[in-house]
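The next block holds one structure in the form of structure tokens; read it before the comments.
Everything quoted here is computed from the prediction, not taken from an experiment. All residue numbers in this chain count up from 1 along the given sequence. In listed order, ligands and their atoms are each counted from 1.
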Amino acid sequence: MSRNYDVIVLGVGSMGSATCYFLAKQGYKVLGLEQFDIPHDQGSHSGQSRIIRKAYFEHPDYVPLLKRAYENWKEIEAATGSQIYFPTGLLYAGKPDDILIRGVRESATKYKLKVDSLTHAELNDRFPQFQIPENYDILFEPEAGFVTPERAILNYVEQAIKNGAHIHTKAKTLAWEKVDEIIRVKTAEETYTGKKLIITAGAWSGTLIPGLSSQLKVTRQVIGWVNPNEFKSFEIGQFPCWMIDDEIQNGMYYGFPILPAGKFGAPIGLKVALHYPGIVSDPEHVNRIPSKEDEGDLIDALNKYLPGGYSSTHVLKTCLYTNTPDENFIIDFLPDYNQQVVFAAGFSGHGFKFISVVGEIMADLAMKGKTELPIQFLSVDRLNNYPEPT
Ligand SMILES: Cc1cc2nc3c(=O)[nH]c(=O)nc-3n(C[C@H](O)[C@H](O)[C@H](O)COP(=O)(O)OP(=O)(O)OC[C@H]3O[C@@H](n4cnc5c(N)ncnc54)[C@H](O)[C@@H]3O)c2cc1C
């Protein structure tokens with residue numbers, strides 16, 4: 001088998017899977033190297049569901065990318081006949097000048113997105129499962145919902161392989177280098193060569209990208225699935241996704257409707273988590289055992305906002321965020337490699353919904369040297385103290 005490729009993708013998780021698909025679909029000779037299985041639960045993509053929304057509170061500049069991401073989710077669904085995006089609607093709540101409420105309103109106004117304001121009485125008619133403090137505003141984005149991460153990754157990788165990509169699992173990249181105009185990538189078994197290199201290594205990006213480790217903080221995040229008092233009123237179809245900017249706790253609690261195990265797989269129950277960077281961790285040595293404190297925070301949030309939402313804990317799991325200093329992604333060429341090396345990293349706990357557009361962007365940057373999509377705000381230059389590669 002040839003070991004020479006047009007392009008090599010390091011890390012076939014969320015961003016890497018979609019990147020391999022877009023490259024293979026365009027006829028390039030692609031190699032994807034993944035250190036674990038596809039998918040797996042050691043990085044950032046496990047856990048059944050990821051929220052997708054357009055009225056982006058983090059920054060309105062993400063909205064054009066989200067519009068493209070929604071289109072591209074439809075495209076992969078049509079190619080595979082497999083549903084990935086589930087529009088359950090998303091309920092937002094928080095004090096009027098909290099970042100969540102201010103940011104959703106700003107993006108919705110700027111891009112004329114459909115976001116409804118609900119009174120507490122309207123909320124009670126529509127979703128009596130919630131108990132929201134009187135001083136919080138309530139917004140509802142009907143086209144928001146969730147996407148299924150493991151299924152999305154599998155579908156992208158399956159389609160990449162069908163289009164000719166070579167994808168190797170249990171193939172950890174140990175090192176890469178540029179020799180003359182060629183990129184050489186070493187695993188324990190082989191050395192491969194490529195004209196271009198794409199690095200989509202998630203929590204391990206700092207070890208593969210010269211100079212980036214100081215900009216990326218990997219944190220351990222705990223997610224819970226619980227049994228409510230009764231299942232019916234929290235099931236998909238009855239109950240939306242939700243995000244609540246708590247007035248005391250840093251960050252936002254969020255959750256999903258209960259998904260039927262027969263269609264979505266494990267875990268069973270009502271999923272809840274806190275969106276806020278957790279304990280800083282080394283991805284090779286993460287403490288994956290959730291603590292009583294992790295569990296207690298989630299139970300407190302459920303008791304406060306979803307009376308009836310908690311009767312017992314079913315399972316707690318850990319997952320990893322890779323945070324940049326400003327919590328915006330980094331998508332760029334690696335300086336000093338003559339546009340031969342592109343990377344996407346630092347998705348800061350909100351990247352999954354974008355994989356369908358990031359895959360397209362990475363393929364275009366690597367093979368055409370540019371993208372038509374507006375990603376200037378994600379350039380590495382904004383992080384002023386980024387050191388030169390050594
Ligand atoms: C608890 C939790 C909840 C989240 N909720 C949401 C949400 O609701 N909505 C949303 O949009 N986003 C959400 N996210 C964020 C989103 O899941 C991540 O931003 C996204 O998965 C990051 O993708 P990635 O490709 O960078 O990382 P990954 O998916 O982890 O992929 C990186 C891959 O690179 C591989 N790799 C690394 N080093 C090597 C090497 N040396 N050789 C070979 N392979 C290597 C890894 O094994 C891995 O498979 C959440 C994340 C977590 C942890």
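Below 3.5 Å of separation, one finds an N or O of Ser44 facing an N or O of ligand 1. An N or O contact shorter than 3.5 Å links His40 to ligand 1 by distance. Every N/O-N/O distance between Ala203 and ligand 1 stays at or above 3.5 Å. Of the polar atoms of Phe352, at least one N or O is found under 3.5 Å from an N or O of ligand 1, judged by distance alone. The N/O atoms of Gln221, backbone and side chain alike, include none that comes under 3.5 Å of an N/O atom in ligand 1. Ligand 1 has an N or O atom lying under 3.5 Å from an N or O atom of Met15, backbone or side chain. Ligand 1 has a nitrogen or oxygen under 3.5 angstrom from a nitrogen or oxygen of His45.
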Worked verdict on Tyr28 versus Tyr5 for ring pair (Phe, Tyr, Trp, His ring centres under 6.0 Å): CA-CA 8 Å; Tyr28 294 110; Tyr5 291 87; over 10 Å; no

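Across Ile51, Val9, Thr207, heavy-atom proximity to atom 8 (O) of ligand 1 is greatest for Ile51. Remark: among candidates Trp176, Phe36, Phe343, Tyr254, the nearest residue to atom 3 (C) of ligand 1 is Tyr254, based on non-hydrogen atoms.
Remark: the Ser233 side chain and the Glu235 side chain contain no N/O donor-acceptor pair separated by less than 3.5 Å.
A side chain to side chain donor-acceptor pair (under 3.5 Å) check over residues 147-158, counting only residues at least two apart or in different chains, returns the pairs Ser82-Asn155. Residue pairs satisfying the ring pair (Phe, Tyr, Trp, His ring centres under 6.0 Å) criterion with at least one member in residues 268-295, sequence neighbours excluded, are listed as follows: His275-Tyr321.
Not a single heavy atom of Leu10 sits under 4.0 Å from any atom of ligand 1. Heavy atoms of Ala171 come nearer than 4.0 angstrom to ligand 1 in at least one pair.
Given atom 36 (N) of ligand 1, the protein heavy atom at minimum distance is Gln35 NE2, 3.4 Å.
Between Arg68 and Glu75 there is no salt bridge, since no side-chain nitrogen of the basic residue lies less than 4.0 Å from a carboxylate oxygen of the acidic one.
In this structure, Phe354 and Phe329 have perpendicular ring planes: the angle between them is above 60°, well past the 30° mark.
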